[in-house]
Amino acid sequence: MTTVIDGNAVASDLRDRLTGRIDDLATEGVTPTLATVLMSDDPASETYVSMKQSDCEEVGIATRDVEIDPDAPAERLFDTLDDLNSDPEVDGVLVQMPTPDQVADSEVIRRLDPMKDVDGFHPENVGLLVRGDPRYKPCTPHGVQHLLDHAGVETEGADVVIVGRSNIVGKPLANMLLQKTAGGNATVTVCHSRTDDLAAHTGRADIVVAAAGVPELVDGSMLAEDSVVIDVGVNRVETEDGSTLVGDVAFDSASELASAITPVPGGVGPMTRAMLLYNTVKAAHLRRDLAFDGL
Ligand code: NAD
């Protein structure tokens, strides 16, 4: 019997607990505040930003909504970041990626105050994560780790195969699962577009995490019986009636083998959104030297 891991339910539980923490902060006169910065007129980016803002409002996080003309020079964005970095009321700053061609994403990430880097992409935060002393875990891999924990999946000693080596998913997740901590201690293999014989790796894994951005790349024939399958992919594909979202895993065939699997949508996606709230609440604590020992 395959368990379908309900990311919406786990994320909702996390949001409830965060709301409790935010209420506690309110008694100390603190309202966690997230600034979102959008320098794009791409409708998908606009939608992502407004979803993040409404997620914040729902749990009691205040938002600042900063929009910059996509044709403006890079300095306009950097000046905005400097202002937000020095604003004592702002706890977290999120720059919606991608930025326009005249702005290098890597420079944007470096310009942020690492204490306000709630995406966890600043080199200082990446370094802390790799060393095993994370400040802000990047939202998607943190969501995957939390889902595994919530589903009662033991990572210690498990063979984990991650498909994808991006800086926002594959690489940080590999580092998190390697650490000598609860939710870590796994033996991790990272596969990518140059991997020879992907199925040979996924086929011997206890846990497969697919984060390649290739629709239905991993199917049941590539999995071991009773493996746990986490599908990070979100791909829009054309259908006869329009389009639909599919993951990087062929859900039906994978479900026949897997002991547990996440759906798309309703698996990792809601966890990513919840973890941005988590990092913002954590930032509100850290910036005021208040203890934050997780949830
Ligand atoms: P990316 O394009 O930056 O990286 C994709 C990785 O997959 C690369 O390392 C590449 O080497 C690897 N890859 C590509 N084709 C492959 C193949 N045939 N075999 C093996 N490896 C292959 O993508 P990303 O930003 O890491 O995102 C990956 C997917 O996850 C996308 O579908 C994205 O939309 C989705 N995503 C979802 C969430 C969420 O919250 N659910 C968050 C971030 C990304």
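Counting starts at 1 for both ligands and their atoms, in listed order. The residues of the chain are indexed from 1 along the displayed sequence.
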Starting from [atom], locate the nearest protein heavy atom and write down its residue, its atom name and how far away it is, to 0.1 Å.
{"atom": "atom 31 (C) of ligand 1", "answer": "G213 CA, 3.5 Å"}
{"atom": "atom 8 (C) of ligand 1", "answer": "R165 N, 4.0 Å"}
{"atom": "atom 25 (O) of ligand 1", "answer": "I168 CD1, 3.5 Å"}
{"atom": "atom 15 (N) of ligand 1", "answer": "V214 CG2, 3.5 Å"}
{"atom": "atom 17 (C) of ligand 1", "answer": "L217 CD2, 3.8 Å"}
{"atom": "atom 44 (C) of ligand 1", "answer": "V169 CG2, 4.1 Å"}
{"atom": "atom 42 (C) of ligand 1", "answer": "T140 OG1, 3.2 Å"}
{"atom": "atom 40 (O) of ligand 1", "answer": "T272 OG1, 2.7 Å"}

Return the option from A210, C139, S166 holding the heavy atom at the smallest distance from atom 23 (O) of ligand 1.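 Selected option, by shortest heavy-atom distance: S166.
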Going by heavy-atom distance to atom 5 (C) of ligand 1, choose the closest among G164, S193, A212.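 Among G164, S193, A212, the closest heavy atom to atom 5 (C) of ligand 1 belongs to A212.
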Check [X] against ligand 1 and report side chain, backbone, both or neither, counting heavy atoms closer than 4.0 Å.
{"X": "T195", "value": "neither"}
{"X": "V232", "value": "both"}
{"X": "N235", "value": "side chain"}

Just to confirm, does any protein heavy atom lie below 4.0 Å from atom 19 (N) of ligand 1?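 Under the 4.0 Å cut-off, atom 19 (N) of ligand 1 does have protein heavy-atom neighbours.
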Any protein heavy-atom neighbour for atom 27 (O) of ligand 1 (distance below 4.0 angstrom)?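 No.
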Using atom types as modelled and distance alone, determine if a side-chain donor or acceptor of [X] lies under 3.5 Å from a backbone N or O of [Y].
{"X": "S253", "Y": "G220", "answer": "yes"}
{"X": "Q102", "Y": "P70", "answer": "yes"}
{"X": "D248", "Y": "G213", "answer": "yes"}
{"X": "R21", "Y": "R17", "answer": "no"}
{"X": "T2", "Y": "A258", "answer": "yes"}

Going by atom types alone, do [X] and [Y] pair a side-chain donor with an acceptor below 3.5 Å?
{"X": "D219", "Y": "S221", "answer": "yes"}
{"X": "T272", "Y": "T140", "answer": "yes"}
{"X": "H201", "Y": "R204", "answer": "yes"}
{"X": "T36", "Y": "Q53", "answer": "yes"}

N or O contact, V234 vs ligand 1, cut-off under 3.5 Å: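 Looking only at distances, the answer is yes, because the N/O contact criterion of under 3.5 Å is met.
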For L38 and Y48: C-alpha separation, side-chain torsions, deciding distance, then whether side chain to side chain contact (heavy atoms under 4.5 Å, CB included) applies. CA-CA 10 Å; L38 176 66; Y48 289 139; over 6 Å; no
Those atoms of ligand 1 less than 4.0 Å from some heavy atom in [X]:
{"X": "V163", "result": "20 (C), 21 (N)"}
{"X": "A211", "result": "5 (C), 6 (C), 7 (O), 28 (C)"}
{"X": "G269", "result": "40 (O), 41 (N)"}

Is the closest heavy atom of G170 to ligand 1 under 4.0 Å?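 Distance cut 4.0 Å: G170 fails for ligand 1.
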One thing to verify: whether K180 and D133 come together as a salt bridge, which I'm taking to mean a side-chain N less than 4.0 angstrom from a carboxylate O.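 A salt bridge is absent here (no side-chain N lies under 4.0 Å from a carboxylate O).
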Ion pair present between R111 and D82, side-chain N to carboxylate O less than 4.0 angstrom?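 A salt bridge is present here (some side-chain N lies under 4.0 Å from a carboxylate O).
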